[in-house]
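Some notes on the structure that comes next.
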Number of protein chains: 2
Amino acid sequence: MMTMLQAYNVYEDRCPTRLVLDRLADKWALLILDRLESGPVRFNHLRRDIKGISQKVLSQTLKKLERDGLLSRAVFATVPVTVEYTLTPLGRTLTQTVAALAHWAEHNMDAVLAAQEAYDTAPSAR
Amino acid sequence: MMTMLQAYNVYEDRCPTRLVLDRLADKWALLILDRLESGPVRFNHLRRDIKGISQKVLSQTLKKLERDGLLSRAVFATVPVTVEYTLTPLGRTLTQTVAALAHWAEHNMDAVLAAQEAYDTAPSAR
DNA sequence: AAACATGGTTTCAAGTAGATACTATAGGAG
DNA sequence: CTCCTATAGTATCTACTTGAAACCATGTTT
């Protein structure tokens with residue numbers, strides 16, 4: 001299948017890639033995708049693992065990611081119904097990049113915190 | 001310098017990496033960092049290149065990125081004053097990952113749009 | 001004098017996120 | 001029988017953030 005890569009440009013306002021970037025440039029979406037890398041996870045399990053996310057935002061974010069084809073939703077008719085979220089192959093192509101971003105944050109925290117402190121205590125007029 | 005990598009965990013609510021992820025999980029910040037990869041750019045040049053960004057948001061985002069030590073701000077006393085923004089070495093370590101994310105969006109647009117259409121036209125109860 | 005360029009700040013309306021409470025179903029404890 | 005637990009969400013209300021537009025200060029061009 002041939003694709004015209006030049007037809008898409010994230011810098012353009014009306015380019016559909018902006019819609020995708022909007023979705024990816026979302027703290028919760030990144031954390032969810034990263035968390036799903038190791039296998040399927042249930043709703044409340046995600047809620048407990050990703051500290052600070054609310055039920056509403058988790059629900060909304062999962063719905064958007066499913067709509068984008070990045071993860072799939074499987075319902076099991078267990079006693080309290082179980083819902084499992086799994087990365088799709090498309091979603092799987094993303095996680096490596098996403099993980100790199102999340103892990104950059106972990107590795108470069110010290111430098112960023114130092115920069116913030118230097119900035120905040122700088123004597124120059126700001 | 002030894003760092004305790006295990007001390008940081010993006011899934012934890014109060015972990016400082018969350019602050020960094022908040023910054024990176026920002027559409028405009030990603031676009032700015034990506035745009036600066038090829039060299040220093042002036043304020044209004046960024047504004048024109050990144051279609052749809054407002055002056056206020058550009059100004060605020062640049063300030064945050066400068067505070068985080070990801071880019072530096074240089075003022076030149078030209079006739080209308082010129083301000084140039086440049087990636088710092090720290091910022092430079094990020095751009096490859098950021099570029100990968102932006103370019104994932106460009107490469108996988110077709111699949112995402114197809115998934116959205118399939119989702120929206122699905123007969124299943126949603 | 002009016003328009004335009006620079007790099008911003010201010011203001012205000014509108015949209016979004018978060019906290020909390022609520023729904024529905026069914027098993028087990030008392 | 002009633003209460004508490006668990007599941008996976010939805011509804012509501014408030015507080016914050018975003019975006020659009022106007023404004024500011026300077027100086028050069030028309």
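A quick note: this is a predicted structure, and the numbers were derived from the prediction, not measured. Lettering follows sequence order; numbering is per chain, from 1.
- Using a 4.0 Å heavy-atom distance criterion, A:Arg47 is classed as making no nucleic acid contact.
- Within the 4.0 Å cut-off from OP1 or OP2 of C:dA17, not a single side-chain nitrogen or oxygen of A:Trp28 is found.
- At the heavy-atom level, A:Lys63 lies under 4.0 Å from the strands shown only through sugar-phosphate atoms.
- Remark: the backbone N or O of B:Val10 is paired with a side-chain donor or acceptor of A:Glu106 at under 3.5 angstrom.
- Nearest to the side-chain atoms of B:Lys56 among the listed nucleotides D:dT7, C:dT9, D:dG19 stands D:dG19.
- B:Thr95 contributes no side-chain N or O that, together with a main-chain N or O of B:Asp34, makes up a donor-acceptor pair within less than 3.5 Å.
- Between the C1' atom of C:dT6 and the CD atom of B:Gln55 lies a distance of 10 Å, rounded to the nearest Å.
- With rounding to whole Å, B:Phe76 atom CZ is found 13 Å from C:dG8 atom P.
- Relative to the side chain of B:Phe43, the nucleotides C:dG8, D:dA8, D:dT10 differ in distance, and C:dG8 lies closest.
- Of the candidates D:dA20, C:dA17, C:dG8, the closest approach to any side-chain atom of B:Val83 belongs to C:dG8.
- To the nearest angstrom, C1' of C:dT9 lies 14 Å from CG of B:Asn44.
- Side-chain nitrogen and oxygen atoms of A:Arg48 include none within less than 4.0 Å of the OP1 or OP2 phosphate oxygen of D:dA6.
- The B:Val79 side chain lies nearest to D:dG27 when the options are D:dA8, D:dG27, C:dG18.
- Computed from coordinates, the A:Gln60 CD to C:dA19 C1' distance equals 13 Å when rounded to whole Å.
- When side chains are defined from C-beta on, B:Asp68 counts as touching A:Gln116, because their heavy atoms get closer than 4.5 Å.
- Distance from the side chain of B:Arg73 is smallest for C:dG8 among the nucleotides C:dG8, D:dG19, D:dG9.
- You'll find that the side chain of A:Thr82 is closest to D:dA8, out of D:dG19, D:dA8, D:dT12.
- Of the residues near DNA chain C, A:Lys27 and B:Leu62, the one whose nearest nucleotide (by heavy atom distance) lies more toward the 5' end is B:Leu62.
- Here the P atom of nucleotide C:dT16 and the CG atom of B:Asp26 are 16 Å apart, to the nearest Å.
- Side-chain contact between B:His45 and B:Glu84: absent, with no pair of heavy atoms (C-beta onward) separated by less than 4.5 Å.
- For the OP1/OP2 pair of D:dA8 and a distance below 4.0 Å, the side-chain nitrogens and oxygens of A:Ser59 include no atom meeting the criterion.
- Counting heavy atoms from C-beta on, the side chains of B:Glu117 and B:Asp120 never come closer than 4.5 Å.
- If you take CG of B:Leu58 and C1' of C:dG7, they are 10 Å apart, rounded to a whole angstrom.
- Atom NE2 of B:His45 is separated from atom P of C:dT6 by 10 Å (rounded to the nearest Å).
- Following rounding to the nearest Å, A:Lys51 (NZ) and C:dG18 (P) show an atom-to-atom distance of 17 Å.
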